[in-house]
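Counting from 1, the numbers follow the sequence of the chain as shown.
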Amino acid sequence: MTNKTKWIIGTAVVLVVLLLLVIFSKNIWNWFSNVLIDVAIYLIVFGAGWLLGRFAGKGSGSGK
């Protein structure tokens with residue numbers, strides 16, 4: 001396989017990927033926003049649990 005053939009195949013692959021991104025851009029954006037919302041919910045729950053574990057039970061009667 002010559003260098004010119006590699007460039008032609010690489011260019012064709014890039015064009016196909018760009019075409020698929022344009023065609024499915026709305027679906028990709030919806031998936032990405034759903035993933036971001038899920039990650040935000042996980043971070044909020046993790047942060048709340050960490051804060052409860054870090055600061056809860058340190059009152060005067062906890063024996064620590």
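Partner of I41 under the side chain to side chain contact (heavy atoms under 4.5 Å, CB included) criterion, out of I37, L43, V39: I37 alone.
Among residues two or more places apart in sequence or in another chain, the side chain to side chain contact (heavy atoms under 4.5 Å, CB included) test is passed with I9 by M1, T5, V13.
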Side-chain donor-acceptor pairs under 3.5 Å in residues 15-33, sequence neighbours left out?
{"unit_1": "S25", "atom_1": "OG", "unit_2": "V22", "atom_2": "O", "d": "3.4"}
{"unit_1": "N30", "atom_1": "ND2", "unit_2": "K26", "atom_2": "O", "d": "3.4"}
{"unit_1": "S33", "atom_1": "OG", "unit_2": "W29", "atom_2": "O", "d": "3.3"}
{"unit_1": "S33", "atom_1": "OG", "unit_2": "N30", "atom_2": "O", "d": "2.9"}

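Through ILVMFWY side-chain contacts below 4.5 Å, I8 is grouped with nothing and stands alone.
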